[in-house]
Amino acid sequence: MSKPSIPQGTRDFSADVVRKRNYIFSTIKNVFELYSFEPLETPAFENLETLMGKYGEEGDKLIFKILNNGLDNPDKEKQVREDFEKILQGKNTKGITERALKYDLTIPFARYVAMNHNKLTMPFRRYQIQPVWRADRPQKGRYREFTQCDADVVGSVSLLNEVELANIYHEVFMELGMKNYELRINSRKILTALAELCGGADKMIDITIAIDKLDKIGLEKVKEELQQRGLNEEQVNIIENYLNITGSNEQKLSAIKSLIGSLETGRQGVEEVEFVFAQTKNTSLIIDFTLARGLNYYTGIIFEAKAPQEVKMGSIGGGGRYDDLTGLFGVPNIPGVGISFGVDRIYDVLEELNLFPGNLQVSTKALFFNMGDAESRFAFGIMQQVRSKGIACELYHEAAKIGKQFTYAEKKNIPFAVIIGSKEMEEKSCPVKNLSSSVQEMVTFERLADYLKNL
RNA sequence: GUAGCCAUAGCUCAGUUGGUUAGAGCAUCAGAUUGUGAUUCUGAGGGUCGUGGGUUCGAGCCCCAUUGGUUACCCCA
């Protein structure tokens, strides 16, 4: 038997990590609830066809597929072999795999809305906090199992939704103490207009993939990549002008108007960005026309939340508007907009910047020392009374040396020791010792619960 | 999918041009101290050097393969 292990890109979370993660979850959840979103949970796995083709070509490759059961059934051998041939040719077939782990929360949500749209009160605002899986090669800030926190509004075209979502980002990151986070915003329509301006609407994806890398590889390399992707010199020049738009948000807006304002799509896109920007002066929104985002279902405003620059984590959240996501599931004309928080990356950032509050690790308030058989039986009774008042405590499991019990309490971060031996049983009071200050006080059994509660 | 780096005690790591019985710190356990810990002192346990093969009189060290981890590319939270 080899050493036990867990699959690459997955993690066990020990108590202190779980507590820190829960702190992030509850911060996000509280803000979602405050903005009147309702919870939803969907299955860990979906029918493969629900997910395939929704995330672009690369995305499809990263979907974790689940092997069908019963493939070893001798009666089906011929069919299974034929189906496997299709797999070898890069095709999917229900004969081998028909279910897959979910890749994000947006598409399962769209599927849910498509199935239930006539029961839902529109606009429908839902939030969802669940793990997702990607068959990606793990590296810094990238896991194969990670948790997303999504909030989406469907059934409304109002840009007020975008404004609210931007505020949610701001509120969450402020509460987490991540003051220097960045929220970047753009509109897919502006990118579409740029492609039109270049005379190749079909080149939209090539253009966006290339310009999205601007801050990473620089202007020259972007131009090279554009040429490799088949754009001619004139087209590259147009894009260069576009990428050279810099300055304050206001300056960028006026520059983009003169460049693509003549096109209808461009004008719409600029208006959207301008509206959201005007309504979110309280947040630190950055207009960034190079922001593209990979998921190809976005049609309007797109968001990307980035970690403070000093941590080199990149994207810690993203989202945007999609006009017709449920159309993929046969229910057209339900527009929506949503955002996502990447908890695992946020965790890494908070850890690196030392932003977790210090009081997350205290759960058990007192350790009752075990001073012998009869003594511990008695102490157990006292402890139960204390517990019934809602105070978490623990009785040491055996009559060990007192020093050992102190060490145990210290390691488990238990702040107080309660010592009940034969003397205390007679006197009906016991010492309560503060382990960090070494200060100790005699407290009657009657007052014990209240005393601990007020510490 | 492509490429680089790494793998020695529970953890972090030393380990010389290939040379006898592979070390340290921390952690653990026991004792000094049987009702008051964190400092100190003493002692103990703990290793198939990731795995398999090869070169050599001799391999933790060199070579090949393999597995796992990690970082980067692609893509993404």
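Throughout, protein chains are lettered first and strands after them, A, B, ... in sequence-line order, and every chain is numbered starting at 1. Both backbone and side-chain heavy atoms feed into the values below; hydrogens, waters and symmetry mates do not.
- Protein atom CZ of A/Phe146 is 17 Å distant from nucleotide atom P of B/C75, rounded to whole Å.
- The backbone N or O of A/Ile66 lies less than 3.5 Å from a partner atom in the side chain of A/Thr97, making a donor-acceptor pair.
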Take A/Asp104 and A/Arg134 through the salt bridge (charged side-chain N to carboxylate O under 4.0 Å, His left out) test and state the conclusion after the steps.
CA-CA 9 Å; A/Asp104 74 352; A/Arg134 294 188 188 175; 5.3 Å; no
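- Proximity note for A/Gln139 (side chain, C-beta onward) versus B/C73, B/G37, B/U36: the nearest is B/C73.
- With hydrogens and angles ignored, no donor-acceptor pair closer than 3.5 Å exists between the side chain of A/Arg137 and the base of B/C73.
- As rounded to the nearest Å, B/U17 and B/A27 have C1' atoms that lie 36 Å from one another.
- A straight line from CD1 of A/Ile209 to C1' of B/C75 spans 9 Å, rounded to a whole angstrom.
- Here the closest non-hydrogen pair linking A/Val386 and A/Leu448 is CG2-CD2, 3.9 Å.
- The minimum heavy-atom distance between A/Phe356 and A/Leu350, with the atom names listed, is CE1-CB, 3.6 Å.
- Base contact: A/Gly141 has a heavy atom under 4.0 Å from a base atom.
- Near-neighbour residues of RNA chain B inside residues 421-455 of chain A, defined by a heavy atom below 4.0 Å, number-ordered: A/Gly421, A/Ser422, A/Lys423, A/Glu424, A/Pro431, A/Lys433, A/Leu435, A/Ser438, A/Gln440.
- Donor-acceptor pairing under 3.5 Å, judged by distance alone, is present between the side chain of A/Arg345 and the base of B/C76.
- With both ends at atom P, the span from B/U8 to B/G47 equals 15 Å, rounded to whole Å.
- Nucleotides B/G4 and B/A9 have their C1' atoms positioned 29 Å apart, rounded to a whole Å.
- Rounded to an integer number of Å, the gap from CG of A/Leu62 to P of B/C74 is 14 Å.
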